[in-house]
Amino acid sequence: MSDNGRKTLDERNQMSDIERLRHSCAHVMATAILRIWPNAQFAYGPPIDHAVFGFYYDVELDHSITPDDFEKIEAEMTKIVKENQPFEKMEVSRDEALALAKSGRLGGLAERDVDSKFKVDLLNDIPEGEAISIFKNGDFWDLCAGPHVPRTGNCKGFKVMSVASAFYKGDANNAQLQRVYGTCFKNKTELAEHLEKVEEAKKRDHRKLGKELKLFHFDETVGQGLVLWLPNGATIRQELQNFISEELDRQGYSQVFTPHIGKLDLYRKSGHFPYYEDSQFSPIVDRAELEKLAEEGCSCGELSNRLRSGEVDGFLLKPMNCPHHIKIFASDHRSYRDLPVRLAEFGTVYRWEQSGELGGMTRVRSFTQDDAHLFCTEDQVEAEVLGCLDLVKKVLGTLGMTDYRVRVSLRDPDSSKYVGDPANWDRAEESLRKAAASLGVPFTEEPGEAAFYGPKIDFVVKDVIGREWQLGTVQVDYNLPERFELSYIGADNKPHRPVMIHRAPFGSMERFLGVLIEHFAGHFPTWLAPEQARILPISEKYNDYAKAIESKLKDAGVRVTSDMAGEKIGAKIRLAQLDKVSYMLVVGAKEEETQQVSIRHRQRGDLGSCGLEQFLGDIVAEIQSRAL
RNA sequence: GCCAGCUUAGCUCAGUGGUAGAGCAACUGAUUUGUAAUCAGUCGGUCGUCGGUUCGACUCCGACAGCUGGCUCCA
């Protein structure tokens with residue numbers, strides 16, 4: 001895409017058949033909307049390969065389009081498809097195009113009293129010398145570079161999916177438009193298959209499963225975006241943390257603990273407070289200090305200024321763990337022989353995300369990072385980054401998560417939001433590029449995605465509705481060591497500046513759990529499952545046998561319960577299936593006599609019976625090996 | 001933060017300008033059961049919160065909160 005968001009001509013020529021179809025369908029939808037609301041003003045209408053996997057068209061309209069209108073729009077679209085209008089391309093001069101836009105003809109069914117303001121504006125974005133074309137289907141004329149399918153009759157399997165809002169050109173200062181989403185396939189069968197898939201995906205939504213499986217809870221009295229981990233969710237988190245901790249021990253990390261707050265000066269020094277004040281919870285100021293200020297008649301605005309300038313001090317809920325870890329590093333003399341120093345912590349951080357951005361576990365206001373900061377020499381950077389990347393790969397591999405992409409997030413050369421010396425940035429970006437190249441998986445370089453203190457390598461996954469989320473991250477940072485004047489004594493007996501690496505394989509426990517729920521559709525591998533086995537006695541006569549088995553399994557460290565309810569076995573099984581318990585152990589007369597258990601796996605079904613000892617050995621091995 | 005929609009019992013959802021209903025869950029009893037729901041009964045809601053209109057509001061209007069979709073943002 002070019003800077004202004006338009007597809008380049010090259011990109012247009014590479015449009016796939018399905019994109020061409022969907023983009024054409026956007027024109028059909030615009031035509032339908034105009035027949036219903038002739039004064040609609042259209043802006044962009046591209047095909048998209050995320051969210052609804054179809055297209056959208058941005059429109060400005062007095063009437064607020066709601067899902068109740070979809071049927072009406074679709075009915076009109078059906079007519080237009082039946083009319084089988086040809087898409088005709090017409091090359092025009094810039095002046096001709098501008099005249100058509102000013103007369104309201106572009107993006108309209110006829111000339112209108114007002115100009116097609118967005119089309120007028122879009123014309124200005126077309127570079128001098130580039131051909132300007134108009135596509136017509138029936139009465140609808142649109143400024144469009146195409147390409148299109150031959151006729152509206154090609155758009156058979158379409159559906160209007162949703163409506164939301166969007167700022168014109170993605171700028172919050174611009175007009176807010178209604179973005180109508182639709183999807184389109186070659187035929188109705190393919191559309192139906194797609195809609196089926198969407199429905200299936202919704203069943204895996206972590207918010208739905210999180211509630212059903214009692215993993216986490218949000219309470220509006222506690223606060224928006226503040227997660228309450230229920231016992232089942234906490235079990236999973238604890239297992240994940242144990243898993244990471246084992247890897248940390250293996251790779252020479254030291255685990256530390258730090259408080260959830262720190263003085264404002266700490267974050268002034270790190271740059272967090274001045275650079276990201278808006279995304280932090282407000283500072284905590286001592287009550288006596290506040291009362292004194294109130295007596296002086298200090299206004300809220302004035303207080304903000306004084307906090308900013310440092311005249312008034314306070315504490316901040318930590319937005320990141322790095323300053324605390326930096327102070328741990330700085331708490332002792334460090335020799336080059338001590339490096340790398342690798343400090344790890346499951347550190348909880350707090351960020352004041354905009355209310356509209358919060359949702360489920362993927363975007364919250366308090367989350368715990370599986371964080372670590374590595375302090376090393378310049379020479380060690382590459383090996384340490386590779387070590388971190390290996391860790392991320394190992395973590396994702398153990399969980400069977402292969403569907404991720406790797407992004408090298410670089411600074412935006414035009415932005416001023418970054419701290420530090422550009423030369424340091426160059427070095428850091430270069431070392432990450434090298435590391436990414438040796439990773440053995442494809443990656444993309446994306447300017448503007450860097451952290452304010454340094455570039456990073458991010459592991460990005462998609463959720464059930466196609467949204468991308470950053471999980472694991474490895475970041476090289478030359479700047480914070482500079483700001484905090486960190487040093488170690490080198491072999492030359494002189495002080496040197498260490499390089500810092502930030503890394504978090506999961507990213508945050510909250511987001512990771514959310515993604516993990518959707519990845520497994522709630523069927524967590526046994527080592528993670530909140531309930532690994534449930535014993536289901538055929539009748540109350542076998543409750544004692546069930547209890548005996550339960551206690552044996554518990555002794556072996558298996559998370560197990562017994563269902564002693566006065567229900568039939570079918571009902572008990574159904575309940576266990578819904579709870580997604582890994583193994584159901586059915587016990588009745590046969591089993592008690594032979595000291596066996598009848599095993600049913602939640603996905604593999606009835607596995608027959610075997611001796612209790614054998615089952616115990618098998619499940620313990622499965623758990624210890626963290627089998628998928 | 002912005003635009004739109006939504007909020008009824010623990011959960012999933014009906015419902016109407018004349019003060020609420022189902023299924024599941026929970027509880028009690030009966031049943032003693034062989035691989036996805038045994039039967040019966042009981043309990044459960046100031047219809048998100050606060051205001052307004054009205055003789056009367058769960059229903060209409062407004063504000064606020066939360067949720068959902070998207071935009072902006074995401075160190």
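A note on names: the letters A, B, ... follow the listed sequences, proteins ahead of strands, and every chain is numbered from 1.
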Taking the same atom, [atom1], in [N] and in [M], what whole-Å distance lies between them?
N     : M     : atom1 : value
B:U46 : B:G1  : C1'   : 34 Å
B:G66 : B:C43 : P     : 36 Å
B:G48 : B:U54 : P     : 23 Å
B:G44 : B:A57 : P     : 25 Å
B:C6  : B:U12 : C1'   : 16 Å
B:C60 : B:C24 : P     : 30 Å
B:C39 : B:G23 : P     : 12 Å
B:U49 : B:G45 : P     : 13 Å

Nearest 0.5 Å, what's the [atom1]-[atom2] distance between [X] and [Y]?
X        : Y        : atom1 : atom2 : value
A:Ile573 : A:Met584 : CD1   : CE    : 7.0 Å
A:Lys568 : A:Ser539 : NZ    : OG    : 13.0 Å
A:Met161 : A:Tyr181 : CE    : OH    : 11.5 Å

Tell me whether the count of non-hydrogen atoms from other residues, nucleotides or ligands lying under 6.0 Å of CG in A:Asp62 goes above 12.
no
Report which part of the nucleic acid [X] touches: base, sugar-phosphate, or nothing (heavy-atom distance under 4.0 Å, all strands).
X        : answer
A:Gly448 : nothing
A:Tyr275 : nothing
A:Ile569 : sugar-phosphate
A:Lys572 : nothing
A:Gly605 : nothing

Below 4.0 Å: OP1/OP2 of [N] and any side-chain N or O of [X]:
X        : N     : value
A:Arg467 : B:G70 : yes
A:Lys541 : B:U33 : yes
A:Lys214 : B:G10 : no
A:Ser355 : B:G1  : yes
A:Gln224 : B:G66 : yes
A:Arg207 : B:C67 : no

Side chains of A:Lys169 and A:Asp125 in contact at under 4.5 Å (non-hydrogen atoms):
yes
Under 30°, 30 to 60°, or over 60°: which ring-plane class applies to A:Phe452 and A:Tyr276, parallel, tilted or perpendicular?
tilted
Which nucleotide, in any strand shown, forms a Watson-Crick or G-U wobble pair with [N], with both distances under 3.5 Å?
N     : value
B:C64 : B:G48
B:C55 : B:G18
B:A37 : none

Calculate the interatomic distance between [X] atom [atom1] and [N] atom [atom2]; express it in whole Å.
X        : N     : atom1 : atom2 : value
A:Ile538 : B:A36 : CD1   : C1'   : 14 Å
A:Asp205 : B:U68 : CG    : C1'   : 10 Å
A:Met161 : B:U68 : CE    : P     : 19 Å
A:Asp579 : B:C11 : CG    : C1'   : 13 Å

Check for me: is A:Phe452 stacked on B:A75 by the 5.5 Å centroid and 30° plane-angle rule?
no
Between A:Ser609 and A:Glu591, is any side-chain donor less than 3.5 angstrom from a side-chain acceptor?
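Per modelled atom types, A:Ser609 and A:Glu591 side chains form no pair under 3.5 Å.
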Can you tell which of B:G34, B:U38, B:C71 lies closest to the side chain of A:Ala589?
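My answer, after comparing the listed nucleotides, is B:G34.
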Classify the side chain of A:Arg363 and the base of B:C73 as holding, or not holding, a donor-acceptor pair under 3.5 Å.
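When only heavy-atom distances are counted, A:Arg363 does reach the base of B:C73 through a donor-acceptor pair under 3.5 Å.
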